[in-house]
Amino acid sequence: MTIAGRFEVRAILVLGLAFSCCVAESTLRRGLVGAAGPTDFNVNSYGAKADGKTDNVEAFMKAWVAACKSGGGSARLVFPKGTYVTGPLVFAGPCKASKITVEVQGTIKATTDISEYTSPEWILFESIKGLTLTGGIFDGRGETVWKYNDCHQNSDCQLLPTSIKFSKLTNTVVHGITSLNSKSFHTHVYMCQNFKAYDLTITAPSNSPNTDGMHISLSDLVNVSNSVIGTGDDCISIGQGVTNLGVTKITCGPGHGISVGSLGKYDDEKDVSGVVVSNCTLRDTTNGVRIKTYSGSPPSKASGITFQDIIMDAVKNPIIVDQKYGSHKSAASKVQISGVHYKNIVGTSTSDVAVSLLCSSQVPCDVELVDIDLKFQGSSTNKAKSASSSCLNAKVKTGGKLNPPACR
């Protein structure tokens with residue numbers, strides 16, 4: 001069957017499930033576990049099998065539609081202990097339930113046939129108000145498909161599926177989940193308002209391609225905290241249109257650090273503003289805190305960004321602004337970076353350039369460095385070197401102790 005054919009069959013299946021699950025109130029409540037508190041919908045009551053081999057798409061969709069369409073209060077969709085396998089899932093609202101909790105007590109594993117994934121995600125939560133996702137292990141089984149990722153050679157590559165995408169959600173809480181070996185991004189927060197995530201464990205090998213721990217774009221009032229992230233790409237990446245973001249108490253490594261960007265790849269990108277990254281530890285990462293924009297980019301802005309109280313442990317590029325990212329073009333980036341503050345950043349750098357501010361000649365960046373103490377941690381052959389700073393087209397303000405000394 002062709003991919004288009006598979007998509008058509010899936011669309012018919014989802015519509016049929018939505019119709020069948022809304023026929024009668026008794027159907028909606030088949031998964032009732034207890035009368036107290038939220039109405040519980042147990043996926044096993046809808047035919048799910050935790051045997052580690054059955055594809056449970058149909059059972060999961062039946063249970064979701066029942067929970068989502070139940071009215072009069074809050075609902076809870078429960079995945080009991082055990083190992084469940086599933087292909088792509090769409091948990092879509094709007095829901096009649098005033099609040100809906102998805103509670104995973106066991107492990108959910110992804111199927112590995114890429115032709116099943118007609119959309120670029122494995123699990124999609126979309127157009128829901130008052131969603132809570134808690135607990136469980138989400139195993140994307142990316143190790144079976146990473147060999148098909150050609151993004152290191154092809155800048156216009158098609159990314160493999162994100163494990164969990166949160167799209168167009170309002171008032172969302174995600175906590176206590178573990179994401180393993182995503183095919184591409186572990187999580188993607190897209191067009192969300194008031195999104196809170198904490199106590200996450202996100203893990204993939206250091207050589208796994210494009211496995212960002214969390215990518216955030218076009219979202220407002222997002223807070224990510226108290227999490228451990230180690231991947232083959234950015235622990236957290238901040239894309240276009242992000243406003244009022246707080247990232248705190250993240251332990252990152254391995255990976256490419258915590259990044260604003262890359263920005264400026266597409267026309268009409270939305271500005272980034274109001275980003276605070278604080279009280280984080282980065283260990284054995286290729287970058288620490290980074291801002292990256294494409295050369296030859298269309299105009300946009302990234303402003304009001306603070307990196308504060310951060311520990312760097314054997315990080316290759318602890319502080320870096322790179323406005324020639326992906327530089328196949330000679331033209332300067334037109335992403336204007338301003339109001340960027342680096343405060344109380346300490347630790348060790350495995351390269352002798354601990355602070356690199358490579359800004360745009362078209363729109364020089366505006367940066368403040370306060371209380372920076374980054375020591376060079378060299379090999380046995382170059383221990384005599386000390387850390388240094390490198391700047392291009394940067395307007396730098398300074399304060400407090402600075403090691404390495406700031407460039408002008």
Side-chain angles (χ1 to χ4, degrees), residues 10-111 121-139 163-179 187 197:
R10 284 187 56 76
I12 292 170
L13 172 62
V14 171
L15 288 172
L17 291 173
F19 176 79
S20 65
C21 288
C22 296
V23 171
E25 184 69 17
S26 60
T27 303
L28 295 178
R29 295 183 176 271
R30 275 195 330 184
L32 185 63
V33 173
T39 302
D40 284 4
F41 296 84
N42 186 321
V43 296
N44 291 350
S45 299
Y46 294 82
K49 295 181 179 179
D51 58 9
K53 57 184 181 180
T54 300
D55 190 337
N56 290 287
V57 166
E58 183 175 348
F60 289 173
M61 289 304 303
K62 285 180 178 178
W64 168 258
V65 172
C68 181
K69 298 301 181 184
S70 63
S74 58
R76 182 164 53 205
L77 181 64
V78 180
F79 296 76
K81 291 181 180 179
T83 299
Y84 298 89
V85 174
T86 181
L89 289 168
V90 179
F91 295 138
C95 293
K96 290 183 179 180
S98 58
K99 293 182 180 179
I100 189 160
T101 297
V102 176
E103 180 179 318
V104 181
Q105 300 169 359
T107 298
I108 302 178
K109 287 190 172 186
T111 55
E121 60 274 322
W122 170 32
I123 298 173
L124 172 64
F125 292 94
E126 186 171 46
S127 302
I128 306 163
K129 293 182 179 180
L131 170 71
T132 296
L133 172 63
T134 180
I137 298 171
F138 295 83
D139 185 352
S163 276
I164 309 174
K165 184 174 181 178
F166 304 97
S167 176
K168 303 175 184 177
L169 306 183
T170 304
N171 301 333
T172 305
V173 177
V174 178
H175 67 95
I177 73 168
T178 295
S179 178
T187 61

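Between Ser74 atom OG and Asp40 atom CG the span is 9.0 Å, to the nearest 0.5 Å. Annotation: the span from Ile100 atom CD1 to Thr39 atom OG1 amounts to 10.5 Å, rounded to 0.5 Å. A distance of 12.0 Å separates NZ of Lys99 from CG of Leu131, quoted to the nearest 0.5 Å. We find the CG-CD1 distance between Asn171 and Ile128 to be 12.5 Å, quoted to the nearest 0.5 Å. Rounded to the nearest 0.5 Å, atoms OG (Ser179) and CZ (Phe138) are 8.5 Å apart. Taking CG of Leu133 as the start and CD1 of Ile123 as the end, the distance is 8.5 Å to the nearest 0.5 Å.
Among all heavy-atom pairs drawn from Asn42 and Asn44, the shortest one is OD1-N, 2.8 Å. When all heavy atoms of Gln105 and Val78 are compared, the pair lying nearest together is NE2-CG1, 3.7 Å. Between Cys68 and Ala92, the shortest heavy-atom contact is SG-O, 3.8 Å. Closest approach of Ala59 and Ala48 over heavy atoms only: CB-N, 3.4 Å.
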Step by step, would you call Ile164 with Ile177 a side chain to side chain contact (heavy atoms under 4.5 Å, CB included)? CA-CA 11 Å; Ile164 309 174; Ile177 73 168; 4.2 Å; yes
Dump the intermediate steps for side chain to side chain contact (heavy atoms under 4.5 Å, CB included) on Thr111 and Trp122, then the final yes or no. CA-CA 9 Å; Thr111 55; Trp122 170 32; 5.8 Å; no
For Thr134 and Val104, what are the C-alpha separation, side-chain angles and deciding distance, and is it a side chain to side chain contact (heavy atoms under 4.5 Å, CB included)? CA-CA 6 Å; Thr134 180; Val104 181; over 6 Å; no
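Among residues two or more places apart in sequence or in another chain, the side-chain contact (heavy atoms from CB on, under 4.5 Å) test is passed with Thr178 by Ile137, Leu180, Thr201. Taking Thr54 as the reference, Lys49, Asp51, Asn56 meet the side-chain contact (heavy atoms from CB on, under 4.5 Å) condition, with sequence neighbours excluded.
Each of Phe166, Trp64, Phe60 was checked for a ring-ring contact (aromatic ring centres under 6.0 Å, His included) with Phe91, and the lone residue meeting it is Trp64.
With a 4.5 Å cut-off on side-chain heavy atoms, Thr187 and Val174 do not count as touching. Residues Phe41 and Val65 have side chains not in contact (no heavy-atom distance under 4.5 Å, counting atoms from C-beta outward). At least one side-chain heavy atom of Val43 sits under 4.5 Å from a side-chain heavy atom of Pro80. Taking 4.5 Å as the limit, every side-chain heavy atom of Thr132 sits out of range of all side-chain heavy atoms of Thr172.
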